[in-house]
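Have a look at the structure below before the remarks.
Each ligand, and each atom within it, is numbered from 1 in the order the structure gives. Keep in mind that the numbers below use all heavy atoms, side chains included, and drop hydrogens, waters and symmetry copies.
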Amino acid sequence: MRNFLITGGAGFIGSNFVRYLLAHYPDYRVIVYDKLTYAGNLTNLADVSHDPRYAFVRGDICDANLVEQTICDYAIDTIVNFAAETHVDRSILNPGAFIQTDVVGTYVLLEAARKHRIERYHQISTDEVYGHIPPGRYATETDPVAPRSPYAASKAGADLLVLAYWTTYGLPVTITRGSNNIGPYQYPEKVVPLFVTNALEGKPLPVYGDGRQMRDYQWVGDHCEAIDLVLHRGQPGEIYNIGSGQEIENLTMVHILLDELGAPTSLIQHVEDRPGHDRRYALDISKIRSLGWEPRHDCEAAIRRTVRWYRENEWWWRPIKEGEFREYYEKMYGNRRKLVIGN
Ligand code: NAD
Ligand code: TYD
């Protein structure tokens, strides 16, 4: 492994991973390939943009010619695919973009990887492919996928294609399924950055339904370390769950966030729930632990650290909240019914 193609590297997790790779491996070259959708932002990579080991190509993963051209131009031997449409609520508004990028785009990358004999194709997947996990259970890698949102279904479809390329063609693939990531440079449509920035602006925090849904909020840097480990020590053909191993209610997340900010709980506003909202995600992370990895943050530490980053980096998120985001927010929340629920 030497020449990495990081698709979706201008997004949240991808940009954190690019920074991580360049910091830890002096002899790796990192080529970011990204369409720069609303979620892609070269500001996320500003601090590495002058590094001679880094290059950027603007492109769509569905564009087979450009993908192959980039693989040849940079003698790519490893592909890590972060590129995706990633927001459940947007997948409910517009599923087509998810099928196109997450499923068809993954197929295009797999075909290119097969043709150019890539040494490792790594797919960044999500715990959402397992669907709702009933209390008392934890999803293991051998569980069948049972996605319930268009986003989760498109990611599950991609995972199945990746596994089929291992089984059928022997393409050396690995998959990681991460829980909810939080940390620097996350587009403020996702719940934690949305709520922190809303609170800093004195706006309400729109909690879906009763807010008792459970998520495993993990620190993005911990996720990056685990992906690195799977790339170097994981077995081809295998899936690895990655998370903090803990899950908390959304309302607990909100209270920690408000406490870190010193902001009032009166900002909490219960609103009409998301259709098909998965009540609980919970991962069994014993497989990745057996490779020698341990998360460095529990959910609370990850939330508090994330809050501090957004408080100290208003220069990053304020312009984002002015642009496309404003229109999206109006469409998603403008007419949403308010609920009266005790906290
Ligand atoms: P993000 O939305 O912040 O970034 C996605 C990036 O992909 C953007 O830079 C965007 O421009 C790019 N992109 C979108 N469509 C593209 C296309 N057709 N061609 C090329 N580039 C394209 O996403 P993220 O939160 O960083 O997630 C990255 C990956 O991790 C995704 O595959 C996602 O499913 C997975 N994941 C995310 C989380 C999470 O909590 N955010 C958790 C588990 C897994
Ligand atoms: P989100 O960040 O969209 O991630 P995902 O749906 O992929 O887990 O949402 C995390 C949780 O927060 C999820 O249970 C939905 C909830 N949520 C709200 O209560 N209000 C919001 O405005 C958003 C965006 C999410």
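- The closest side-chain donor-acceptor pair between Asp73 and Gln69 falls under 3.5 angstrom.
- Distances between N or O atoms of Ala83 and those of ligand 1 include no value under 3.5 Å.
- Of all non-hydrogen atoms in Ile133 and Ala139, the two that sit nearest each other are CD1-CB, 3.8 Å.
- Remark: the Thr86 side chain and the Lys190 side chain contain an N/O donor-acceptor pair separated by less than 3.5 Å.
- Side-chain contact, Thr7 with Asn81: a donor N or O sits under 3.5 Å from an acceptor N or O.
- Contact between Met253 and ligand 2 is absent, with no heavy atom of the residue lying under 4.0 Å from the ligand.
- The shortest N/O to N/O separation between Asn81 and ligand 1 does not fall below 3.5 Å.
- Looking only at heavy atoms of the protein, atom 35 (C) of ligand 1 is closest to Ile124 CG2, 3.7 Å.
- More than 12 heavy-atom neighbours from other residues, nucleotides or ligands sit within 6.0 angstrom of NZ on Lys338.
- Considering backbone and side-chain N/O atoms, Lys190 never comes within less than 3.5 Å of an N/O atom of ligand 2.
- The residue among Arg90, His223, Arg215, Lys35 with a heavy atom at the shortest distance from atom 21 (N) of ligand 1 is Lys35.
- In this structure, Tyr187 falls outside the shell of residues with a heavy atom less than 4.0 angstrom from ligand 1.
- Set against the non-hydrogen atoms of His87, the atoms of ligand 2 under 4.0 Å away are 3 (O).
- Near Leu194, the atoms of ligand 2 lying under 4.0 angstrom from a non-hydrogen atom of the residue are 22 (O).
- Residues Tyr217 and Asn250 have side chains that bring a donor and an acceptor to within less than 3.5 angstrom of each other.
- When only interatomic distances are considered, the shortest N/O to N/O separation between Val207 and ligand 2 does not fall below 3.5 Å.
- Between Tyr333 and ligand 2, a contact under 3.5 Å exists for at least one N or O pair.
- Looking at Val191 against ligand 2, both its backbone and its side chain come within 4.0 Å, counting heavy atoms.
- In the vicinity of Gly59, heavy-atom distances shorter than 4.0 Å reach the ligand 1 atoms 19 (N), 20 (C).
- Counting heavy atoms under 4.0 Å from ligand 2, residue Tyr151 does not touch it at all.
- Using a 4.0 Å cut-off between heavy atoms, Asp127 makes no contact with ligand 1 at all.
- Salt bridge annotation for Asp60-Lys35: present, with a cationic side-chain nitrogen under 4.0 angstrom from a carboxylate oxygen.
- Thr265 and His255 share no side-chain donor-acceptor pair at under 3.5 Å.
- Val230 and Arg120 get closest at one heavy-atom pair: O-NH1, 3.3 Å.
- Defined by atom type and a distance below 3.5 Å, a donor-acceptor pair is present between the side-chain atoms of His87 and Tyr328.
- Under 4.0 angstrom from ligand 2, there are no non-hydrogen atoms of Val192.
- Look at Tyr217 and you'll find a heavy atom under 4.0 Å from some atom of ligand 2.
- Within the set Asn41, Leu109, Ile13, Thr86, the minimum heavy-atom distance to atom 41 (N) of ligand 1 is found for Ile13.
- Of the candidates Phe12, Tyr151, Phe17, Tyr33, the one placing a heavy atom closest to atom 33 (C) of ligand 1 is Tyr151.
- By the criterion of a heavy-atom distance under 4.0 Å, the side chain of Lys155, and not its backbone, is placed next to ligand 1.
- In terms of N/O distances under 3.5 Å, ligand 2 is not approached by Tyr281.
- Ion pairing between Lys115 and Glu111 fails under the 4.0 Å rule for side-chain N and carboxylate O.
- Using a 4.0 Å cut-off between charged nitrogen and carboxylate oxygen, Arg90 and Glu85 do not count as a salt-bridge pair.
- Proximity of Ser179 to ligand 1 is established by a heavy-atom distance of less than 4.0 Å.
- Using modelled atom types, one finds no donor on one side chain facing an acceptor on the other under 3.5 Å when comparing Asp216 with Tyr281.
- Of all the atoms in ligand 2, the ones that sit under 4.0 Å from a non-hydrogen atom of Val88 are 6 (O), 7 (O).
- Glu324 and Tyr187 share a donor-acceptor pair across their side chains, judged by distance under 3.5 Å alone.
- Side-chain N or O atoms of Arg19 include one that pairs as donor or acceptor with a backbone N or O of Asn44 at under 3.5 Å.
- When non-hydrogen atoms are compared, ligand 2 lies under 4.0 Å from the backbone of Glu189 (N, CA, C, O) but not from its side chain.
- The main-chain N or O of Asn241 is found under 3.5 Å from a side-chain atom of Glu141 such that the two form a donor-acceptor pair.
- Under 4.0 Å from ligand 1, not a single heavy atom of Tyr217 appears.
- Residue contacts with ligand 2 include Arg274, since one of its heavy atoms falls under 4.0 Å from the ligand.
- Taking the ring centre of Tyr138 as origin, the terminal cationic atom of Arg280 falls inside the region bounded by 6.0 Å and 45° from the ring axis.
- A donor and an acceptor atom, one from each side chain of Asp222 and Trp293, are nowhere located under 3.5 Å apart.
- Heavy atoms of Met214 stay at 4.0 angstrom or farther from ligand 2.
- Ranked by closest heavy atom to atom 17 (C) of ligand 1, the top entry among Thr176, Leu45, Leu36, Asp60 is Asp60.
- Looking at ligand 1, you won't find any N or O of Cys62 less than 3.5 Å from one of its N or O atoms.
- At a heavy-atom cutoff of 4.0 Å, ligand 2 is contacted by the side chain of Asn180 but not by its backbone.
- Not close to ligand 1: Thr7, with no non-hydrogen atom less than 4.0 angstrom away.
- In this structure, of Arg280, His277, Met332, Gln213, the residue bringing a heavy atom nearest to atom 14 (O) of ligand 2 is His277.
- For ligand 1, the polar-atom distance check against Thr101 finds a nitrogen or oxygen pair separated by under 3.5 Å.
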